[in-house]
Amino acid sequence: MGNNGAWLILQPRLPPLVAPTPGSGWLRPPPPRLPGGGPPRRLLLDWRGGLTNGELAEAGPERPLLEEDGRIPGWRRPRLRVGEGRQVFLIGSLNTQAASTMASRGRGRGRGQLTFNMEAVGIGKGDALPPPTLQPSPLFPPLEFRPVPLPSGEEGEYVLALKQELRGAMRQLPYFIRPAVPKRDVERYSDKYQMSGPIDSAIDWNPDWRRLPRELRIRVRKLQKERTTILLPKRPPKTTEDKEETIQKLETLEKKEEEVTSEEDEEKEEEEKEEEEEEEYDEEEHEEETDYIMSYFDNGEDFGVDSDDNMDEAIY
Amino acid sequence: MTQAEIKLCSLLLQEHFGEIVEKIGVHLIRTGSQPLRVIAHDTRTSPDQVKKALCVLIQHNLVTYQVHKRGTVEYEAQCSRVLRMLRYPRYIYTAKTLYSDTGELIVEELLLNGKMTMSALVKRVADRLTETMEDGKTMDYAEVSSTFVRLADTHFVQRCPLVSPTENSEPGPPQPAPTLVINENDMYLVPKLSLIGKGKRRRSSEDDATGEPKAKRLKHSTDNKEPIPDDGIYWQANLDRFHQHFRDQAIVSAVANRMDQTSSEIVRTMLRMSEITTPSSAPFTQPLSSNEIFRSLPTGYNISKQVLDQYLTLLADDPLEFVGKSGDSGGGMYVINLHKVLGSLATATLESVVQERFGSRCARIFRLVLQKKHLEQKQVEDFAMIPAKEAKDMLYKMLSENFMLLQSIANLIERRQFETKENKRLLEKSQRVEAIIASMQATGAEEAQLQEIEEMITAPERQQIETLKRNVNKLDASEIQVDETIFLLESYIESNTKRQ
């Protein structure tokens with residue numbers, strides 16, 4: 001009765017006030033009503049010390065109790081209902097937490113207003129909303145119905161095989177431009193055995209330059225002229241020259257990381273071309289005095305690095 | 001461009017041309033028209049790399065250029081054209097069904113290389129076909145040429161715009177970029193070439209002048225000493241014509257499903273007669289008289305004129321209005337209502353998607369809403385006879401569902417790439433083992449040795465590889481399937497927007 005005044009609110013209408021009998025200790029007599037209407041009815045909070053608002057407000061469940069409740073029409077029951085938007089607490093839970101309750105009064109202000117008309121969407125007043133979502137939807141939600149089977153049969157199989165074959169074929173064409181392999185800091189012994197990708201700014205195919213804007217013109221790498229770093233034992237007088245050339249080329253290639261115009265490249269390429277013009281070698285067989293086939297060499301540096309130059313089969 | 005479209009373009013470019021081309025291509029798609037140095041600056045790529053990438057993209061008809069005032073050249077990407085790369089297998093397969101292996105290879109080479117001259121193309125295709133033939137047999141250039149001519153006559157391949165010839169005669173500084181023009185009448189004009197020769201087989205052991213070492217080399221046309229007779233005349237695949245063919249196929253199969261085989265054959269005949277005369281965006285075909293149709297029916301069909309007329313009347317009376325009657329002369333003039341057909345196909349596609357995804361009750365609601373175009377929620381309940389709560393639930397589900405088919409294809413591709421990367425080591429190992437086995441077999445190895453090598457791959461690894469292959473195949477097949485759906489919906493959207 002007296003000690004748990006919190007439930008006062010949910011109780012039915014109180015009997016009309018009578019002058020307190022001594023000894024009841026329940027309520028102080030209400031202060032006289034101020035002229036001018038007085039403050040609006042306020043929430044009756046009970047804690048030791050009596051009323052705060054100076055007046056006893058009957059708190060029936062059908063009556064708006066908090067200040068902002070007065071603005072929200074149709075508030076009926078203490079549960080969350082559509083249209084109110086307040087979800088935080090039940091009024092009945094007021095206790096000695098008066099301060100927090102008072103504070104949340106301000107927070108809850110105006111929260112019940114939505115930006116669209118609910119009826120148009122099809123949610124009527126008083127309907128229960130689905131429970132709030134507390135986590136993102138699952139990555140692979142279970143399917144309600146089995147999916148339709150994919151096309152199979154001759155046509156389906158053929159088109160599928162064709163697709164995979166095309167994918168592999170396109171990677172082998174010169175139109176597939178691979179990013180440059182990162183330059184090594186020091187010239188390494190294994191460089192001789194490596195098949196380096198296109199590290200300069202030449203292209204491997206011959207477009208019709210008449211159809212393209214002039215500014216796009218770059219030099220075309222001639223076939224089989226890429227191996228500039230391989231020393232040929234057939235040309236002993238040139239060996240030292242080649243070596244210096246190699247080092248020089250490595251340096252110039254490093255410099256090529258910055259802005260290099262195609263004219264500069266063209267000069268260097270012409271130098272290289274003159275050196276190499278007489279060289280005709282099949283990369284598989286003549287390259288070095290080794291018995292090892294180049295494509296089988298794997299110095300392990302590619303382990304973990306993406307490099308699929310050697311895939312001859314269909315690509316998945 | 002939607003985010004999903006850009007994402008898909010990025011994946012396609014990356015798969016087919018590598019990262020550098022992808023970076024440049026996606027940048028152009030996002031930002032629109034830009035000159036070279038801005039591209040290089042914004043993408044932080046060296047100008048040489050940008051030039052390489054642009055050459056590739058222009059060669060494949062994915063990027064076009066325009067000369068602006070003061071001589072700057074700006075480049076622009078065609079996002080929709082990039083998305084067509086998904087459909088390459090379908091184009092090639094279509095060519096195969098229509099013009100057999102020769103046609104298939106012609107279209108394949110054209111798609112893989114972007115554009116080619118007829119002489120280079122014929123030579124390449126003849127070489128490829130010769131590879132597949134038995135020893136001693138070769139493919140004659142004449143046969144390849146004749147197939148090419150047929151492809152040009154039916155508009156499946158077309159000429160690329162030509163360099164304007166007036167440029168060389170102009171005095172003054174040379175133009176920064178050539179202007180390309182094409183005359184409508186010349187688009188399918190095959191140059192009079194006398195290509196004589198046969199395909200050559202690749203000989204890897206000999207140093208054959210015409211033999212090519214393994215992959216990665218394209219024959220330079222400058223290597224030939226003879227002048228090229230059709231120099232400067234390039235050809236490309238005419239994708240719109242293929243799309244028209246797909247559309248016709250869809251119509252014919254729809255009619256076959258709804259009515260019967262004979263009706264579909266009649267419709268197919270009508271479509272074939274209108275192939276070249278009717279532009280693909282027209283709302284309906286040119287009117288065809290019943291007499292003409294009768295004369296054009298395929299020779300296997302022995303139906304009498306009266307039966308044909310009956311079928312035509314049936315088709316015209318069908319509520320779907322695929323075929324319409326436009327007059328009475330010549331035994332009755334009939335047209336095919338292309339726009340209407342596309343609309344019905346698109347509707348049917350959407351309905352079936354909804355049905356498979358959400359069940360038949362949702363499909364019922366969906367159909368209703370499509371029909372009435374605007375329903376209040378209460379009316380939905382009444383018409384569909386579904387309890388209110390369930391109807392609301394389904395509406396909400398359908399509203400919140402993401403119908404981005406493009407996004408789903410991008411997901412499929414990413415998933416496939418992911419799976420492949422995960423199992424890269426295994427895949428490489430298995431391929432290496434296969435290569436070793438093949439080479440050992442070629443040099444005549446013993447059974448025991450082969451066994452030993454095969455055992456290099458353990459049983460669980462084999463299992464893993466099998467699963468991987470199956471999954472990748474499934475993902476690939478799904479891509480193809482989703483692209484077909486996209487095609488139907490896109491055709492409808494296109495026909496609608498053009499109409500307005």
Side-chain angles (χ1 to χ4, degrees), chain A residues 121-123 144-145 147-148 150-152 155-156 158-160 162-164 166-167 169-179 200-201 203-208 210-218 220 222-224 256-262 265 282-283 306 308 310-313 315-316, chain B residues 15-21 36 46-49 51-56 58-60 65 73 88-90 92-93 112-113 163 174 176-178 180 207 215-218 220-222 232 234 356-359 377 392 395 416 420 427-428 431 434-435 468-469 472-474 476-478 480-481:
Chain A
V121 175
I123 312 170
E144 275 181 41
F145 304 94
V148 182
L150 290 167
S152 55
E155 178 177 342
Y158 189 83
V159 177
L160 180 63
L162 187 52
K163 181 179 202 300
Q164 293 175 340
L166 276 181
R167 200 158 44 223
M170 290 203 101
R171 296 186 90 112
Q172 301 297 327
L173 288 177
Y175 308 115
F176 194 96
I177 304 180
R178 293 194 165 81
D200 54 4
S201 33
I203 58 177
D204 289 321
W205 53 289
N206 200 13
D208 190 346
R210 300 169 293 183
R211 295 181 66 91
L212 295 169
R214 271 189 313 141
E215 62 183 6
L216 286 185
R217 186 148 188 149
I218 21 183
V220 174
K222 290 240 174 89
L223 295 179
Q224 295 179 333
K256 274 189 197 174
E257 294 275 45
E258 300 129 35
E259 300 253 343
V260 173
T261 67
S262 352
D265 291 344
D282 189 5
E283 66 184 60
D306 283 349
D308 44 11
N310 292 337
M311 282 194 183
D312 295 338
E313 310 279 330
I315 304 291
Y316 294 104
Chain B
E15 273 208 332
H16 290 202
F17 299 118
E19 287 173 8
I20 300 179
V21 176
L36 178 64
S46 77
D48 280 331
Q49 300 281 55
K51 288 179 199 174
K52 268 205 249 190
L54 284 175
C55 284
V56 169
I58 294 178
Q59 172 76 9
H60 283 82
Y65 60 82
V73 182
Y88 281 7
R90 208 170 161 199
I92 299 174
Y93 182 72
L112 284 181
N113 291 293
V163 176
L180 301 169
D207 197 17
K216 249 210 165 125
R217 323 272 194 215
L218 262 193
H220 285 193
S221 52
T222 51
Y234 291 91
E356 293 305 325
R357 203 75 195 265
F358 301 110
Q377 181 214 309
K392 255 188 295 191
L395 259 179
R416 173 169 47 78
T420 311
L427 268 178
E428 276 181 8
Q431 282 169 353
E434 278 174 31
L468 171 68
K469 280 200 191 151
V472 168
N473 285 351
K474 232 189 276 188
D476 267 332
S478 310
I480 297 173
Q481 183 65 27

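A, B, ... follow the sequence lines: proteins, then strands. Residue 1 opens every chain.
- In this structure, B:Gly18 and A:Phe176 approach most closely via the heavy-atom pair N-CE1, 3.3 Å.
- A pairwise comparison of heavy atoms in B:Tyr88 and A:Leu166 identifies CB-CD1, 4.0 Å as the closest pair.
- Among all heavy-atom pairs drawn from B:Glu15 and A:Arg171, the shortest one is O-CG, 4.3 Å.
- When heavy atoms are compared at a cutoff of 4.5 Å, B:Tyr65 approaches chain A solely by way of its side chain, counted from C-beta outward.
- Here the closest non-hydrogen pair linking B:Pro89 and A:Leu162 is O-CD2, 3.5 Å.
- You'll find the side chain of A:Arg211 stays beyond 4.5 Å of the side chain of B:Ile58, heavy atoms only.
- If you take NZ on A:Lys163 and CD1 on B:Ile480, they are separated by 5.5 Å, rounding to the nearest 0.5 Å.
- Within the 4.5 Å cutoff, side-chain heavy atoms of A:Trp205 are placed close to those of B:Val56.
- Between the SG atom of B:Cys55 and the CG atom of A:Asp208 there is a distance of 11.5 Å, given to the nearest 0.5 Å.
- For a residue to count as touching a neighbouring chain, one of its non-hydrogen atoms must lie under 4.5 Å from one of that chain's; by this rule B:Glu19 touches chain A with backbone and side chain alike.
- Scanning all heavy atoms of the two residues, the minimum distance from A:Arg178 to B:Ile20 falls at O-CD1, 4.0 Å.
- To the nearest 0.5 Å, atoms CG (B:Leu54) and CD (A:Glu215) are separated by 8.5 Å.
- Contact of the B:Leu112 side chain with the A:Tyr175 side chain is not registered, since no non-hydrogen atoms from C-beta on lie closer than 4.5 Å.
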Please evaluate residues A:Leu216 and B:Val73 with respect to the criterion side-chain contact (heavy atoms from CB on, under 4.5 Å), reporting the C-alpha separation (whole Å), side-chain torsions for both, the decisive distance (0.1 Å), and the verdict. CA-CA 10 Å; A:Leu216 286 185; B:Val73 182; over 6 Å; no
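- In this structure, CD on A:Gln164 lies 8.0 Å from CZ on B:Arg416, to the nearest 0.5 angstrom.
- Proximity of A:Val159 to B:Arg90: side-chain heavy atoms (C-beta onward) are nowhere separated by under 4.5 Å.
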